[in-house]
Structures are given as structure tokens and as C-alpha cells.
Amino acid sequence: MDTRPAEDSPARESGSSDFIRSIIDSDNQNGTYQGRVHTRFPPEPNGYLHIGHAKSIVLNFGIAEEYGGKCNLRFDDTNPEKEELEYIESIQQDVRWLGFDWEDRLYYASDYFEQLYQFAERLTAKGLAYVDELSADQIRETRGTPTQAGTDSPYRERPIAENLDLLRRMRDGEFADGSRVLRARIDMAAANINLRDPIMYRIRRVHHPNTGDSWCIYPTYDWAHGQSDWIEGITHSICTLEFENHRPLYDWFLDALEATPPKRPRQIEFARLNLGYTVMSKRRLLELVREGRVSGWDDPRMPTICGMRRRGYTPEAIRSFCRAVGVSKTNSQIDLAMLEFHLREDLNKRAPRVMAVLDPLKVVIENYPEAQVEQIEAQNNPEDPAAGNRTLPFSREIYIEREDFREDPPKKFFRLAPGREVRLKHSYYITCNEVIKDPSSGEVIELRCSYDPQSRGGSTPDGRKVKGTLHWVSAPHAVEAEVRLYDRLFSVANPSDDAQREGVDYRTYLNPESLRIMQSCKVEPSLREATVGTTFQFLRHGYFCVDLQDGSAANLVFNRAVSLRDSWAKIERAEGGQR
RNA sequence: UGGGACGUCGGCAAGCGGUCAAGCCACCGGGUUUUGAUCCCGGCAUUCGGAGGUUCGAAUCCUCCCGUCCCAGCCA
């Protein structure tokens, strides 16, 4: 057995530690599970995975990895009314994409229906379960309230033989849906409502994605979950805080079945991940999809794994975010800035740099030869010399970003303005000589500039400094693209809470500016070859991903995953207040 | 008002009776820079929900109080 002190355990070596890993360390020291660590990720296939699930996935698979254990993927498919094949498939795809491997351990709670049923007969035979004929309403009424005890069902004292007979007939389909249930016989006066004779089986003639029509009774979560953990040899059954109240029941079933260590799972609860300016409940996410408030589960504004993937998030960024967030029992809400930080951190070292002008303003370089085109060498990624170089065409007419020019520049603005000189990234210094406006609207439509032929490459022999460096795209070579700029889906941090407090619907807080589409953007020609799903850094803008759905060579579409940090925006905001 | 849990910096989160209360994000400086990006350097809780108490010594132990979350699905 491993007798190394906790400080040497894999968890400690990797620097991460939390109360769950502490429990595992102490179990390992005590030999509770003979050093075994076996976790599971148990999604219900009734929706798509979101960033909250990612936290659980990273936790469960991560712990297994660190301790040299295993982690199963198990679909908690006990309620066929809401579960679908589509979800079973998408969940596997997302877990895999996140970088985790359940190897040959893909399980379904429904794999255990027969065994669960045998267990149920066992409890019934021990007088620990009974068949109740009260209606759903009657059961609710007799359950009592948090402050007052429930009352026993008139069927509670039925003889064991009769219960067994009735249970078998329930399984055989002799009774109508909802007419009977199997209940654990615990204590109708328990302070913990979950212990007031909880339901183990209900009759539902519903087609199950996995077991088809072979069952008409289905186990409830409480009855199925712990026993499934036990069957799989799970050691640490990690779930979220709302199941804390269920732990006594989880343990009660295991006790009733006489499960003992080293094969007896232990439930541990942690706080689920909450993010601001979005919703995370499957019900609400489903609503947004069904009502067309978003384009689908993979809309880049959604907190779903597939949405984030389409937006340009990487598995690495999501994983490091989940690790950075930590694990505790404190209900908390993580700052979106934290998520964005981890994406930028990852993409900064990997995304090729490229020039894209989102809101083009034409610049004519008057002293540049009419028909000349130069091929300029440009580094693909200053953070990664191995990324190599590419060439960019430069010509007399180029586009620059409209916001990089100000006719009347504010303080601290060091981009282009009349009479000012700036550097064009990788190429020449240009000076603005003339501003051409639309005579009717007064809008600036073109800039006439001159360049310094000595400044090729971005510096001059006289060593003079220019304060601004702009990105640009050669006009005749530019490729047109559509760029989608995303903002938070909701305009308030806690849409659901606010809605409840204000007595309105959470959809009221949907952010009308969560998607801004920029048409006719001008991007450098190398992007013509961009493949779907690739993420680039648009210099001075942010990270953009070629859209999975709508992008094609003929119709380039980019999604903004996240912007670059923008200290000029901060300065401008601060200065603006004083002007 | 029953039961279960949680309250440490703007947001997370270490800390488990003993010099100074980790770290990350955010924020605020300053430096480098052909991205106002990146990178680097520095700042950022005399105080741990509050009040008492135990102790030579408490965020850590005890008592009371306050606040927040979860539970009355034949959902998970």
C-alpha cells in the first residue's frame, strides 16, 4: 500500500489541493479503499453540457488522473421522459473535446435496471420498502412540511409477501401509470424530508432511449445513483451542493444493502460553478434554443461547451479556467474576466497574428507608385518564432481602421490625424496630408497620405520615433469577410435572480447588443485559406475563430472569441470624463 | 419559525492555535515593445460576518447573534 505522506501525493505535486483532495488523501492514508480512487462524471442526457459541467468533468477526470485512478462516464438515464439520443451523443463529443478519455468505461444507469430491481426486492423482503397506492397528490399532502412531520401511508404496514407480489406485478405491467410506487420505509417524521419514505420506483410507460420498452417502472435518482456508484466500484462520488440533503438517503440505501468499504462509495458535495451575465439552468438554455432567442445550443453566446467551442474557446483554456477557479463549498459567482483571461493566455501563445480591418477607411498613398505591389515579410506570432513568417501585399491604396483616425485627436491619442505620422505594421511610415469628406454628409471617406520610402520594415535611418502603429490591409488584395462581435447574453449579472425579485421574466434581461454583425470587413489575403474552427489574433482587435457553421471559402465568417485588453479604451473613458 | 450547509481583499481562494493572513483574476502605478497586446517590476485585507469568551497567543477552539444558499418532484 502507498504509505507516502500526503505532501508527496500526486495532487500535492501538481500544486492543486482542495477539501476533496484532502479527503482522498486521508482515505488513502487510512487505506479505506485500499488506495483505490475511482470517480465518475454522471450527466443526465437531457441537454447539452455547459461550462458548469466542465468544472465537474475537470474535477472528476482530473482527480482520477492525479491519483492514478479511473473516471467513468455514466449517463444518469433514469427518466426517459426528458432524455434523448441527441444529448447522449453531444455529451460524449464534448467530454472528448475537452480532452478526457473514459476508455472502455461508458456506462448507463439503465445498464443496472435489472440489478437495481433485484436490490429493490431485497429491501422489500427486509421490510425496508413497500408498495404505496396513494396518488401523487396524496403523497405530497401526507409528506408534511419542513416544520411539521408527515403522516404514514395506510399502505405502509402491508405484509412483506404482499409488497413483493405487488412489486413484481408493477414490473410486469399490471398497473396503470402513476397508480403505484415503491417507497423506502424510513421515517415519515424525519427532519430531512428526503428521508420521509422516498420513492424508489414509479410506473411510466415511456420508451427509453437505451432499454426501449422493456421496462415500465423506472428508478428515481435517489434509488439509482448511489447503487450505480456501488456497482461500478466508485470510491468518491462527487456531486453539487444541492445533493447534500440527499446524502443521508444515499447512505441509508447503502446501509440497507450492507455495502461496506473498501467497496462503498462516499458522496462529497462541492459548489457548482456560477458565471455572471448568463443563465446556466438546462431548462432556461433549452428555452432560449427552442424560442430562437439564440441560433442553437452552439450559438457562440451560449455558455454551452459547443457554443464556446464555436466561439473560439479552446479545451486548454477551459481546463485551466476550471482549475484556477478552485473547489469549495462556498456558493460563488466567478467573474467573466477570469474566463476571458484564461482564453487570452492560451491563445496569445498559439494564435497566428493576422491583419483585419473591421470598419474600413480608405487611404491613398499619393507618392507611392501607381502600379507597384510589394511583398512584405511579416511574423506570424511574436510569441512563437516557430510559427514562421508570411508575406503581405502592400500597395498604393490600403484600408485602415476608421477609429484609428481622428480629425481632431483628443489628448493621448497617438494614432493618425491630419499632419501626423504613424507606422503601418510591418511596412512604412505614413503621414496624413488631406482628409476627404462626403460633401453632403460630412463623413470622412478617404485619407490622402504620403509615405517615407526609407521607413520600409518599420524604422528609419534617422531613428525618429512614431507613437502609433496601425494595422492595415492592401485594398486591391483585401478579402471580404463578415465578422460577428459578441457581448454578454444578458445585460445583468443575475438574470434569474433579478427577474424573480422584480416579478418579470428573465428574458427581459436578454442583451439586445449581444451580437453585432460587421459586414464587408477587409482581411488580409492569407485568410482566404483559413480553415473552419481555426482561431487567429486579429492584430489590435482580439481573437477570432472561423465559424464552424456559416464559414466557407466563398463566405468567410469570423466569430470574436474575446477581445484584446484595451488600455486605450480605458484612457479614453477616463479622459472623456474631463473633456 | 424544522433540517442541512456556507460566510477570509471588488471576484475566486489558501489557511486546520504560534514570526509578516498564500496565490489567481480585476484594479492602480512604472519599465520594455513595429499589436495602446504580450512580457517585466511594484502596489493592493493591522484584518478574517458581528459580539462575547477560552488561551501567553485565535481567521483557526467555545457561546450567542446576523446574513446567504439548499430541501415539501412519482426531476436530476
Side-chain angles (χ1 to χ4, degrees), chain A residues 15 17-18 22 42-44 46 76-79 81-83 132 134-136 139-141 143-150 177-183 190-196 198-204 217-218 220-222 224-225 239-248 269 271 276 282-283 321 323-342 344-345 348-349 353 355 378-379 382-383 412-415 423-427 429 455 457-459 466-471 537-542 563-572:
Chain A
S17 183
D18 51 67
S22 300
E44 182 189 10
N46 69 343
D76 216 331
D77 57 349
T78 56
N79 182 8
E81 278 172 352
K82 296 185 194 161
E83 297 154 6
D132 199 351
L134 254 26
S135 69
I139 286 177
R140 184 175 3 93
E141 282 156 17
R143 187 156 24 226
T145 69
T147 52
Q148 65 192 73
D177 283 13
S179 64
R180 266 153 245 240
V181 290
L182 182 72
R183 288 231 252 175
N192 182 339
I193 294 175
N194 292 304
L195 261 16
R196 320 242 261 230
I199 282 143
M200 296 167 66
Y201 277 102
R202 62 290 213 190
I203 305 174
R204 284 277 177 288
I217 58 171
Y218 290 101
T220 55
Y221 164 85
D222 284 312
H225 203 91
C239 63
T240 43
L241 249 27
E242 65 270 29
F243 292 103
E244 214 156 19
N245 295 326
H246 294 244
R247 182 157 25 100
E269 311 85 12
K282 287 194 206 168
R283 194 200 95 213
F321 165 72
R323 293 197 178 105
V325 144
V327 184
S328 75
K329 301 191 65 149
T330 314
N331 276 310
S332 59
Q333 186 173 67
I334 280 78
D335 200 326
L336 271 179
M338 177 81 96
L339 218 205
E340 295 181 339
F341 168 82
H342 286 275
R344 289 191 189 105
E345 184 186 48
N348 174 50
K349 49 188 198 217
R353 272 59 171 174
M355 293 204 280
Q379 210 177 5
E383 302 293 317
K412 294 183 185 172
F413 180 88
F414 47 78
R415 277 115 96 144
R423 170 166 42 230
L424 294 175
K425 179 78 180 176
H426 302 303
S427 54
Y429 289 5
S455 65
S459 59
V466 288
K467 282 174 107 178
T469 300
L470 312 186
H471 61 279
Q537 184 194 96
F538 283 6
L539 230 56
R540 305 207 300 137
H541 278 302
S563 64
L564 251 28
R565 287 183 64 210
D566 186 357
S567 57
W568 162 242
K570 275 180 209 165
I571 294 168
E572 197 178 27

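We name chains A, B, ... by the order of the sequence lines, and we start the count at 1 in each one. Here the structure is a predicted model, which is why all the values come from computation and not from measurement.
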Starting at the 5' end of RNA chain B and moving along, which residue's nearest nucleotide shows up first, A/Val181 or A/Val327? A/Val327
Roughly how far apart, to the nearest Å, are B/G2 and B/G49 at atom P? 24 Å
In whole Å, I'd like the distance from the CD atom of A/Glu345 to the C1' atom of B/C25. 11 Å
Determine whether a donor-acceptor pair (N or O, by modelled atom type, separation under 3.5 Å) exists between the side chain of A/Glu572 and the backbone of A/Trp568. no
Using a 4.0 Å heavy-atom cut-off across all strands, classify A/Phe414 as base, sugar-phosphate, or nothing. base
In whole angstrom, give the distance that lies between atom CG of A/Leu564 and atom C1' of B/U33. 14 Å
Could you tell me which non-hydrogen atom of A/Arg183 sits nearest to which non-hydrogen atom of A/Leu134, and how far apart they are? NH2-CD2, 4.5 Å
Give me the distance, rounded to whole Å, that separates B/U33 from B/C41 when you measure between the C1' atoms they each carry. 15 Å
Rounded to whole Å, the CG-C1' distance (A/Leu339 to B/C12) equals 12 Å
If the P atom of B/A13 is compared with that of B/C6, how far apart are they to the nearest Å? 13 Å
Quick check on B/G73: syn or anti? Syn means the glycosidic torsion is within 90 degrees of zero. syn
Students often get this wrong, so: under 4.0 angstrom with heavy atoms, is A/Leu182 touching a base, only sugar-phosphate, or nothing? nothing
How far apart are the closest heavy atoms of A/Lys349 and A/Glu345, and which atoms are they? CG-O, 3.7 Å
In whole Å, what is the span from the CD1 atom of A/Ile139 to the P atom of B/C75? 11 Å
Base, sugar-phosphate, or nothing: which does A/Phe413 touch, judged by heavy atoms less than 4.0 Å apart? base
Nucleotide-resolved protein contact map, nucleotides 66-73 of chain B, B/S/- at heavy-atom distance under 4.0 Å: ---SBSBS
Base, sugar-phosphate or nothing for A/Thr78? Non-hydrogen atoms, less than 4.0 Å. sugar-phosphate
Going by purine N1 to pyrimidine N3 plus the second Watson-Crick contact, or the G-U wobble pair, all under 3.5 Å, which nucleotide sits opposite B/A13? none
Main-chain N/O of A/Ser563 paired with A/Arg344 side-chain donor or acceptor, under 3.5 Å: yes
Is it true that A/His225 and A/His246 have ring centroids separated by less than 6.0 Å? no
Here the distance between atom C1' of B/A37 and atom CE of A/Met355, to the nearest Å, is 15 Å
Considering every strand and a 4.0 Å limit on heavy-atom distances, what is the contact class for A/Arg415: base, sugar-phosphate, or nothing? base
Report each atom pair, protein N/O against N/O of nucleotides 26-30 of chain B, whose distance is under 3.5 angstrom.
| unit_1 | atom_1 | unit_2 | atom_2 | d |
| --- | --- | --- | --- | --- |
| B/C27 | OP1 | A/Lys570 | NZ | 3.0 |

Taking the C1' atom in each of B/A45 and B/A14, what is the distance between them to the nearest angstrom? 14 Å
Minimum heavy-atom distance A/Pro248-A/Glu244, with the two atoms named: CD-O, 3.7 Å
By the 4.0 Å heavy-atom rule, please label A/Glu244 as base, sugar-phosphate, or nothing. sugar-phosphate
Are A/Gln537 and A/Leu564 side-chain neighbours, meaning at least one heavy-atom pair lies under 4.5 Å? yes
Would one find a side-chain N or O of A/Thr220 under 4.0 angstrom from OP1 or OP2 of B/C74? no
Re B/U47: Watson-Crick or G-U wobble partner, both distances kept under 3.5 Å, found to be none
Searching all strands shown, indicate the nucleotide that pairs with B/G29 (Watson-Crick or G-U wobble; both distances under 3.5 Å). B/C41
CD on A/Glu44 to CG on A/Asp77, rounded to 0.5 Å: 8.5 Å
With side chains defined as the heavy atoms from C-beta onward, is the minimum distance between A/Lys412 and A/Lys467 less than 4.5 Å? no
Could you measure between the two P atoms, the one in B/U8 and the one in B/U68, and give it in whole Å? 14 Å
With sugar-phosphate meaning primed atoms plus P, OP1 and OP2, does A/Pro382 contact a base, only sugar-phosphate, or nothing at under 4.0 Å between heavy atoms? base
Provide the distance between the two C1' atoms, one in B/C75 and one in B/C12, to the nearest whole Å. 31 Å
Is B/C56 paired to anything, Watson-Crick or G-U wobble with both distances less than 3.5 Å, and if yes, which nucleotide? B/G18
Minimum heavy-atom separation for A/Asn245 to A/Asn192, with atom names? O-ND2, 2.8 Å
Let's test this: given Watson-Crick or G-U wobble pairing with both distances under 3.5 Å, identify the partner of B/G7. B/C66
Picking from B/U35, B/U38, B/A76, which would you name as closest to the side chain of A/Glu383? B/U38
Would you classify A/Arg196 as touching base, sugar-phosphate or nothing, given that sugar-phosphate means primed atoms plus P, OP1 and OP2, and contacts are heavy atoms under 4.0 Å? nothing
C1' spacing across the pair B/G23 / B/G67, given as an integer number of angstrom: 28 Å
Can you check the distance between B/G10 and B/G52, where both ends of the measurement are the C1' atom (answer in whole Å)? 31 Å
Counting Watson-Crick and G-U wobble pairs only, both distances under 3.5 Å, name the nucleotide matched with B/C75, or none. none
Please find the pair of heavy atoms, one from A/Thr330 and one from A/Ala271, that lie closest to each other, and give the distance. O-CB, 3.3 Å
Does any part of the side chain of A/Ile139, heavy atoms only, come nearer than 4.5 Å to the side chain of A/Ile199, both counted from C-beta? yes
For B/U35, take OP1 and OP2 only and decide whether either is under 4.0 Å from a side-chain N or O of A/Arg423. no
What are the two closest heavy atoms between A/Arg353 and A/Glu383, and how far apart are they? NH2-CG, 3.7 Å
Base, sugar-phosphate or nothing for A/Gln537? Non-hydrogen atoms, less than 4.0 Å. base
Value in whole Å for how far the C1' atom of B/A37 lies from CD of A/Gln379: 14 Å
Round to the nearest Å and state the distance from A/Lys425 atom NZ to B/A37 atom P. 13 Å
Whichever of A/Thr330 and A/Gly178 has the more 5' nearest nucleotide on RNA chain B, that residue is A/Thr330
Please report, rounded to the nearest Å, how far the P atom of B/A13 is from the NE2 atom of A/His342. 13 Å
